[in-house]
Asks: 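Take this structure, written in structure tokens, and hold onto it; I'll ask about it next.
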Amino acid sequence: MLRLLIGTGVLLMAVGFGAAGWQYWQSLPNSATVEPVAAADAGPAPVRQNWLISPTGGLVRQDEVRAYLAQDRFAPDRVVRMQRQANLADLLAEGEKLPEPAFLQVLADIRAPKVAEKLCPVLQKTLVQDCAVQSARVVEGSVDLVQGTALFQIELVFRLKDEGAELPDLAAHVLRSDTVRLDLEAGAEGTASPEAALLAMLATVAEACASDAVGKICRPMQLSLDWKPGEPVSARAGIAWLDPLPKGMFVAPPLGAP
């Protein structure tokens, strides 16, 4: 009798769960049931070449390949690094006051992203589609109690605007690179603010990429800039582009390449 009761209880539970499952399945939108079929009908997505050739015939480092090719997402090596000075009072919210001197370093470190975020709109005025703060920290020991300032080390990652130019056959080209420099004397145009200095650097990069000596699809890779008020500005940027394979060079794709 006990076994009969247990068996009956298990059967009722199974029927109950089965009915609940059927009701849940029926409640799903139609797209949820047909999506797997549609995906199967679409066929496999095209695979993009994920390797590039150096001018010497070797393979380019994958970090550099991602920085050049992966414009659909942020790449850690496609970055703007800036060290800039900022006023501590600019880190405060409305109605806030600066803490005691012993806590200024902590305040500056916590609010450092606020300093960094002001630079993304500058990038987006020119070559950049999207920008995000990768890191922002106060430089240790840089708080100046007299001037009420501190130095901040900032890293921004970015994606470039799509200019509509298609990439050529990557297996028939090499990736070349160069470094562009910008040195401005104190008081010169482009030194009044970190934003102005960054715009001047981007203009220099655009000019370098438009040079006759540079090949197809020139892209900035890494930019670095130091800025302090009333001081010279020194900046440099790495750019990369594609050139046809040198004569006599034949490169086989790496093993396992798509």
Asks: Do you know which two heavy atoms are closest between Pro246 and Pro55, and how far apart they sit?
Replies: CG-O, 4.4 Å
Asks: Hey, are the side chains of Glu155 and Met82 touching, using non-hydrogen atoms and a 4.5 Å cut-off?
Replies: no
Asks: Can you get from Leu98 to Val106 by hopping between Ile, Leu, Val, Met, Phe, Trp and Tyr side chains that sit under 4.5 Å apart?
Replies: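 Shared cluster, no.
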Asks: Does any part of the side chain of Leu242, heavy atoms only, come nearer than 4.5 Å to the side chain of Leu175, both counted from C-beta?
Replies: yes
Asks: Does a donor on one side chain and an acceptor on the other come within less than 3.5 Å for Thr149 and Asp144?
Replies: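 There is no such pair between these side chains.
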Asks: Is the closest side-chain heavy-atom distance between Trp227 and Leu198 below 4.5 Å?
Replies: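 SC-SC contact between Trp227 and Leu198 ruled out.
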Asks: Rounded at 0.5 Å granularity, tell me how far CD in Gln222 sits from OG1 in Thr179.
Replies: 9.5 Å
Asks: I'd like to know if Leu145 and Leu151 are part of one continuous hydrophobic network [Ile/Leu/Val/Met/Phe/Trp/Tyr, side-chain heavy atoms within less than 4.5 Å].
Replies: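 In one cluster: no.
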Asks: Quick check for you: to the nearest 0.5 Å, what is the distance between Asp243 atom CG and Ile217 atom CD1?
Replies: 11.5 Å
Asks: Nearest heavy-atom pair of Val138 and Ala108: which atoms, and what distance?
Replies: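 Heavy atoms of Val138 and Ala108 come nearest at CG2-CB, 3.7 Å.
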Asks: Is there a side-chain contact between Ser234 and Leu182, using heavy atoms and a 4.5 Å cut-off?
Replies: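 Ser234 vs Leu182: side chains apart.
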Asks: Compare every heavy atom of Ala171 with every heavy atom of Ile53, then report the nearest pair and how far apart it is.
Replies: CD1-O, 3.6 Å
Asks: Check the hydrophobic clustering (I, L, V, M, F, W, Y; side-chain heavy atoms under 4.5 Å; chains of links allowed) and say if Leu202 and Val133 are grouped together.
Replies: yes
Asks: Step by step, work out the salt bridge (charged side-chain N to carboxylate O under 4.0 Å, His left out) result for Arg176 and Asp178.
Replies: CA-CA 7 Å; Arg176 295 191 181 274; Asp178 197 6; over 6 Å; no
Asks: Could you go through Asp77 and Arg66, starting from their C-alpha distance and side-chain angles, then the distance that decides it, and tell me whether this counts as salt bridge (charged side-chain N to carboxylate O under 4.0 Å, His left out)?
Replies: CA-CA 8 Å; Asp77 274 25; Arg66 281 192 293 268; over 6 Å; no
Asks: Test side chain to side chain contact (heavy atoms under 4.5 Å, CB included) on Val80 and Leu123 and set out the steps.
Replies: CA-CA 10 Å; Val80 176; Leu123 290 172; 4.2 Å; yes
Asks: State whether the number of non-hydrogen atoms from other residues, nucleotides or ligands found under 6.0 Å of Arg236 atom CZ is greater than 12.
Replies: no
Asks: Around atom CD of Glu96, are there more than 12 heavy atoms of other residues, nucleotides or ligands at under 6.0 Å?
Replies: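 Result for CD/Glu96: enclosed.
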Asks: Using a 6.0 Å cut-off, check whether atom NZ of Lys228 has over 12 heavy atoms from anything other than its own residue.
Replies: no
Asks: So is Arg219 actually on top of Tyr68's ring, under 6.0 Å and inside 45° of the axis?
Replies: yes
Asks: Look up atom CD1 in Ile110 and atom CD in Gln105, then write down how far apart they are to the nearest 0.5 Å.
Replies: 11.0 Å
Asks: What's the spacing between Leu91 CG and Leu88 CG if we round to 0.5 Å?
Replies: 5.5 Å
Asks: Out of curiosity, does Leu199 fall in the hydrophobic cluster containing Leu156 (side-chain heavy atoms, cut-off under 4.5 Å, transitive links)?
Replies: yes
Asks: Side-chain contact test, heavy atoms from C-beta onward, threshold under 4.5 Å: evaluate it for Lys161 versus Leu127 and give yes or no.
Replies: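 Lys161 vs Leu127: side chains apart.
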Asks: Report the distance from atom OG of Ser193 to atom NZ of Lys118, rounding to the nearest 0.5 Å.
Replies: 11.0 Å
Asks: Can you tell me how far OG of Ser177 sits from CH2 of Trp241, rounded to the nearest 0.5 angstrom?
Replies: 6.5 Å
Asks: Without swapping roles, check the side chain of Lys97 against the backbone of Leu92 for a donor-acceptor pair under 3.5 Å.
Replies: no
Asks: Could you walk me through whether Val79 and Arg81 pass the side chain to side chain contact (heavy atoms under 4.5 Å, CB included) test, one step at a time?
Replies: CA-CA 6 Å; Val79 63; Arg81 294 185 177 91; 3.4 Å; yes
Asks: With the side chain counted from C-beta on, respond yes when Arg78 and Val157 share a heavy-atom pair under 4.5 Å apart, and no when they do not.
Replies: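 With C-beta onward as the side chain, the pair stays apart.
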Asks: Check whether any side-chain heavy atom of His173 sits under 4.5 Å from a side-chain heavy atom of Lys216, and report yes or no.
Replies: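 They are in side-chain contact.
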Asks: Under the 3.5 angstrom rule, does the side chain of Ser211 hit a backbone N or O of Glu207 as a donor-acceptor pair?
Replies: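 Not at all, since once roles are kept as given, no pair shorter than 3.5 Å links the two residues.
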Asks: Contact between Phe152 and Gln83 at the side-chain level, heavy atoms closer than 4.5 Å - yes or no?
Replies: no
Asks: Between Leu223 and Ala237, what is the shortest heavy-atom contact and its length?
Replies: CG-CB, 3.7 Å
Asks: So which heavy atom on Ala116 is nearest to which on Ala136, and how close?
Replies: CB-CB, 4.0 Å
Asks: Taking a hydrophobic cluster as the set of Ile, Leu, Val, Met, Phe, Trp and Tyr residues connected by side-chain heavy atoms closer than 4.5 Å, whether directly or through intermediates, do Ile239 and Leu69 fall within one such cluster?
Replies: no
Asks: Under 4.0 Å between a Lys/Arg side-chain N and an Asp/Glu carboxylate O for Arg137 and Asp109?
Replies: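 The answer is yes: the pair qualifies as a salt bridge.
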Asks: Considering non-hydrogen atoms only, spot the tightest contact between Arg73 and Arg159 and give its length.
Replies: N-CD, 3.4 Å
Asks: Are Gln129 and Leu160 close enough, and set up right, to give a side chain to side chain contact (heavy atoms under 4.5 Å, CB included), and what steps lead you there?
Replies: CA-CA 5 Å; Gln129 177 67 37; Leu160 296 173; over 6 Å; no
